[in-house]
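Sequence lines set the chain letters: A, B, ... in the order given, protein chains first and strands last, and positions in each chain run from 1.
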There are 2 protein chains.
Amino acid sequence: MNGAAPESRTRRRTRRAILATAASVLARNRTATLAEIADAAEVGRSTLHRYVSDRDELIRATVEDSIEVVGQAILDARAHEGPPLEAMRRVVMAHVEVGDRLMFLFRDPHVMREYGVVEPEHPVEHDPVIELIERGQAEGVFAPHLSPQWVQRVLWALVTAGIEQVESGRMSPHGVASLVIDTLEHGILAR
Amino acid sequence: MNGAAPESRTRRRTRRAILATAASVLARNRTATLAEIADAAEVGRSTLHRYVSDRDELIRATVEDSIEVVGQAILDARAHEGPPLEAMRRVVMAHVEVGDRLMFLFRDPHVMREYGVVEPEHPVEHDPVIELIERGQAEGVFAPHLSPQWVQRVLWALVTAGIEQVESGRMSPHGVASLVIDTLEHGILAR
DNA sequence: CCATTTTGGGACTCCGAACTCTCATTTTCG
DNA sequence: CGAAAATGAGAGTTCGGAGTCCCAAAATGG
């Protein structure tokens, strides 16, 4: 399939910088200009066009890359190992760490709806987070009456909320993960 | 202040339709075209321009209108009356009912940052939801270690998540409010 | 029913972002 | 060092949405 054209180290680094910056900028401003993205990535507009022909292709490539990065972060969190509660905490921290990519992918549902991968390599049944939630429910740790998809969506929502709080200066970066975990686990009632 | 020019019933209705539709469309696609918005509102593009001169003014007017609608819905929820827990449940249901406006206002932080009212009639200290949360904390119902702003943000996040679940067909419209309330109150742990 | 208001649709211009192309310069790496 | 790769900057073109105008048709309301 691939024309046996390995990318040079230089080009690979530039490509990474472009895609990472695009995710970060587009997450915060969906109408950002290509010039703005190029500037933020510290690259000329011409160079940007050497890597992606189109705005459309830029978004497509950024989606693909972001899915890759997020997926790897979750794998690194070893969701399938250890007690579900501890695994969930690692997963939350992993989410926070790739917050930019997550916000790019999921803040605007339009992005995933239009550009989401057509042929998921790992079908939904193998999503590590879903499996973790199901495992936790089976072991009696997570509430059994909540659908795993809902729990996962809540996880995204809280992580996003936490990141926004940090960016708006209403919260220190340090405590976000634990606050999110606490709220996710226990809600807002006194106990 | 106002040039004593009361708007005819006809114009008032079309204005409402335009602003409501704009909120709904822009909430789901921040890059929607004016033509798309006009179509969705079932008015001609010319008519749209008769009510707002500019895309900028359309957004500004939609923000103002949405704040009005959301504020009224929250007032109707009587946040200051009765036990905090029940008041919070009414507030959640009110949020769900004006979900479109909420998503327009808060899904993209850029909107409120750029167009949010400059002179809030009711300063932040008088936000009924914040006051409800503080009251609930004072009465020992809500967790005291969570800042009211964080609780409010979580409330928004969960309502948004619920609405999205409904729209994606993963959940029935009926049970959303109670699911959001349950998750908000207790989190995801088994109990 | 008639005067007035409101609307829809088309034709037109304008503008900014997107995209293309070229060439000199810099960086990489054997 | 020297060839090849990669980049930056600028000029020029294209394109689509935004905004303007006009007129015939429809709806409103007295």
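Between dG8(C) and Thr47(B), a contact under 4.0 Å exists linking OP1 or OP2 to a side-chain N or O. An OP1 or OP2 oxygen of dT5(C) is reached within less than 4.0 angstrom by no side-chain nitrogen or oxygen of Ser8(B). Proximity of Tyr51(A) to the phosphate of dT7(D): a side-chain N or O atom is located under 4.0 Å from OP1 or OP2. Residue Thr14(B) places at least one side-chain N or O closer than 4.0 Å to OP1 or OP2 of dT7(C).
Taking atom CD on Glu7(B) and atom C1' on dT28(D), their separation rounds to 15 Å, with Å as the unit. His49(B) has its NE2 atom 7 Å from the P atom of dT20(D), to the nearest Å. When rounded to the nearest whole Å, the span between CZ of Arg11(B) and P of dT7(C) equals 6 Å. dT6(C) atom C1' lies 15 Å from atom CG of Leu48(B), rounded to whole Å. In this structure, Arg13(B) atom CZ and dA27(D) atom C1' are separated by 10 Å, rounded to whole Å. Rounded to a whole Å, the CZ atom of Arg12(A) is 11 Å from the P atom of dA6(D). In this structure, Leu58(B) atom CG and dG19(D) atom C1' are separated by 13 Å, rounded to whole Å. Rounded to an integer number of Å, the gap from Arg55(B) CZ to dG17(D) C1' is 9 Å.
Summarising the geometry of Pro148(A) relative to Glu134(A), their closest heavy-atom pair is CG-CG, 3.8 Å, with the distance given to 0.1 Å. What you find for Ala32(B) and Val25(B) is that their closest heavy atoms are CB-CG1, 3.6 Å.
In this model, a side-chain donor or acceptor of Arg50(B) finds a partner on the base of dG8(C) within 3.5 Å.
Annotation: proximity of residues 15-46 of chain B to DNA chain C (heavy atom, distance under 4.0 Å) is found for Glu42(B), Val43(B), Gly44(B), Ser46(B), numbered in ascending order.
Cluster membership for Leu34(A) and Val111(A), using ILVMFWY side-chain heavy atoms within less than 4.5 angstrom, is shared.
A salt bridge between Glu164(A) and Arg170(A) is absent, with no side-chain N of the basic residue lying under 4.0 Å from a carboxylate O of the acidic one. Ionic pairing of Glu139(A) and Arg135(A) is present here: one or more N-O contacts between side-chain nitrogen and carboxylate oxygen are shorter than 4.0 angstrom.
The closest side-chain heavy-atom distance from His95(A) to Ile74(A) is below 4.5 Å. Looking at Tyr51(B) and Leu19(B), their side chains never come closer than 4.5 Å, going by heavy atoms from C-beta outward.
Residue Ser53(B) is the one, among Ser53(B) and Thr10(B), whose nearest nucleotide of DNA chain D lies closer to the 5' end (criterion: closest heavy atom).
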